[in-house]
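Let me begin by presenting the structure, written as structure tokens, before commenting on it.
So you know, we letter chains A, B, ... as the sequences are listed, proteins then strands, and number each from 1. Keep in mind that this is a model prediction, so the values were computed, not measured.
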Amino acid sequence: MRRLSIFNVVSLTIGFVFLYLPIILLVIYSFNAGRSVAVWGGWSTKWYSSVFENQQLLAASWVTLKVGVLSASVATVLGTLSALALARFGRFKGRTLFSAMVYAPLVMPEVITGLSLLLLFVSLNIDRGFWTIVLSHITFTMCFVAVVVQSRLSSFDRSIEEAALDLGCTPFMTFFRITLPIILPAVISGWMLAFTLSLDDFVIASFTTGPGATTLPMKIYSDVRLGIKPEINAICSLMIAVVTVTVMIASVMTKRQEVERERAERLAVAGR
Amino acid sequence: MSAKTLGPVRRKFAPWNDRSAVPLIRIQNVSKVFGSFTAVDDVSLDIYEREFFALLGPSGCGKTTLMRMIAGFEVPTSGSITIAGQDLTDVPPHRRPVNMMFQSYALFPHMSVEKNIAFGLEMDKLPRGEIAARVEEMLHLVKLEAFAKRKPHQLSGGQRQRVALARSIAKRPKVLLLDEPLGALDKKLREETQFELLELQMTLGMTFVIVTHDQDEAMTMADRIAVMNHGQFVQISPPAELYEQPVSKYVADFIGDINLLEGRVTKNEPGTIILDSEMTGSRIEAVGESSAGMGDKVWFAVRPEKVAISLEPPRDPTINATEGTVWDIGYVGDVSVYHVRLNSGGTMRVSIANTQRVVERPISWEDKVFLTWTPDSGIVLTR
């Protein structure tokens with residue numbers, strides 16, 4: 001391990017301050033006893049309890065949670081299937097196009113995704129609301145799941161599946177008994193990624209929502225326009241906590257899987 | 001095992017010479033084409049029950065593709081594969097009476113050793129008690145009773161190899177396919193395992209088809225070996241025949257070491273062929289039959305251990321003899337291999353068994369030596 005030079009330490013500090021100072025400030029001010037956003041009035045957790053008494057905020061959180069779980073689950077199934085298609089069926093006709101289309105939403109500006117979805121719903125005459133948000137979130141989170149699962153499949157030893165077939169297992173059962181258990185950590189971290197993305201999304205949700213379906217980011221945004229209340233700081237801190245925890249679990253799972261695989265490979269190479 | 005040795009069984013076994021014997025696996029005119037590459041080119045082969053059959057060849061020769069077609073992982077482009085009278089050409093792998101042991105072992109990483117072995121039996125929907133008994137039996141057979149609850153990544157390479165073996169024979173398939181089964185083991189363990197596999201095959205009475213690029217492995221274990229090159233069989237013979245009567249320079253060179261002495265036919269009578277060789281600067285008289293015509297360019301193939309090396313000139317230096325200088329000596333322990341530069345510029349290899357325990361050998365570097373061989377020590381090859 002090389003030692004950090006002063007230059008490294010300084011640039012690292014500046015970088016982290018730049019990234020996290022606003023968030024740290026927000027978390028600290030969520031514990032502010034005073035009403036004012038700019039003036040420190042001592043420590044207090046009263047804004048947290050007032051969050052839990054605010055029916056509108058709670059309703060928005062509940063909508064967000066439902067959208068997140070639903071869309072992440074469907075996106076995980078679809079994303080895993082497209083990852084399997086891309087990893088398994090070799091060079092089928094139109095593979096390049098399919099793969100480009102699966103991954104395009106990764107780089108597509110959210111405004112465009114949101115707007116095009118809105119146009120679609122309008123032209124199909126679909127009432128906008130809860131289900132249109134779910135559909136939109138499935139669309140834009142699916143590709144993230146596909147990326148995570150495909151990277152796992154690329155290092156998957158096909159002969160393990162062949163061994164199952166060889167022992168009399170049908171291709172269908174092989175997927176559930178062999179493939180899925182082995183790639184499960186990647187599938188779960190894909191789900192978590194999709195869930196946090198859905199939780200965070202403001203742009204696409206505000207394009208595709210309708211009356212009665214307000215997600216938390218939308219609620220926060222509309223409240224903030226009337227002036228920042230300390231309650232908002234509290235609910236944002238809670239969101240940060242949820243997102244951080246899920247992302248951390250997802251990355252720990254992927255990391256652990258990698259470490260385990262590397263160890264297994266080392267053992268195999270050593271041949272003992 | 002009731003007999004004291006495997007001799008009586010192995011010596012008598014030669015169903016391929018028996019015209020009334022019905023083959024267990026029948027491969028007829030099978031080809032496999034990947035895009036523009038022909039991996040297997042119109043091959044036909046019969047494999048008999050209880051046979052230990054080896055597919056031997058360099059990488060890319062089509063041996064693995066042929067095995068994967070028997071297992072059902074590849075569908076032949078043309079031709080048919082029949083096992084025990086049943087046409088399997090289009091039967092998917094999970095409905096075939098064959099099992100395969102994979103080169104990478106392909107153990108299920110999320111299952112314990114016993115679950116791995118039980119997997120195929122569970123697929124057959126055997127009663128639970130029978131599965132447990134069979135798993136026990138398999139664990140005993142491969143001496144892994146103590147490791148039943150371990151996961152594959154907690155095992156050594158040799159142990160994993162045995163789990164893979166146990167899993168593939170647990171269903172008692174008619175045919176067991178082994179893809180480079182010993183490739184990942186070190187030399188010592190590999191040699192031990194070769195004999196274990198042989199014994200296992202005898203006890204179980206199964207038909208083994210093994211794919212390997214290691215000629216020692218094939219020679220030690222197989223009843224018959226098919227040497228493959230460019231998707232075709234070059235020769236299918238028992239090991240000794242392959243070694244002593246190769247059909248071509250390719251086989252002669254692939255199996256063991258060989259000296260190929262080039263010459264032109266000056267006499268071809270039933271039982272005797274005489275060549276004129278510029279390489280040896282003498283005539284070569286060989287015993288045997290050959291299709292070569294007068295004046296044809298042919299090769300007298302003689303193994304290094306069948307050539308005699310001496311510091312004294314032979315009685316008749318014009319026939320089956322040559323002379324040269326010792327260029328290098330490879331001391332292997334049990335044998336020494338002499339690389340001799342012939343006066344004509346060619347090289348011959350001679351190997352001598354080191355039967356005496358001395359450090360100084362009588363023949364040394366730069367010595368002028370005479371090489372001789374008998375008419376029946378080699379074979380005349382035309383291709």
Other residues, nucleotides and ligands only: do more than 12 of their heavy atoms fall within 6.0 Å of [atom1] on [X]?
X      : atom1 : answer
B:F34  : CZ    : yes
B:H94  : NE2   : yes
B:E136 : CD    : no
B:R50  : CZ    : no
A:K66  : NZ    : yes

To the nearest 0.5 angstrom, please state how far the CG atom of A:L167 sits from the CD1 atom of B:I117.
11.0 Å
Measure the CZ-CD1 distance between B:F108 and A:I182 for me, rounded to the nearest 0.5 Å.
8.0 Å
Which answer fits [X], side chain, backbone, both or neither, if we ask what part of it has an atom under 4.5 Å from a heavy atom of chain A?
X      : result
B:R68  : side chain
B:M111 : side chain
B:L121 : neither
B:E122 : side chain

Does any part of the side chain of [Y], heavy atoms only, come nearer than 4.5 Å to the side chain of [X], both counted from C-beta?
X      : Y      : answer
B:F102 : A:D157 : no
B:M123 : A:C169 : yes
B:P92  : A:L165 : no
B:Y105 : A:I160 : no

Main chain of A:D166, side chain of B:N99: is a donor-acceptor contact present, judged purely on distance under 3.5 Å?
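Yes, the answer is positive, given that a donor and an acceptor are paired below the 3.5 Å cut-off.
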In terms of heavy-atom contacts, A:R177 and B:H110 come closest through O-NE2, 2.9 Å
Show the nearest heavy-atom pair for residues B:S104 and A:S159, with the distance to one decimal.
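That closest heavy-atom pairing would be OG-OG, 2.9 Å.
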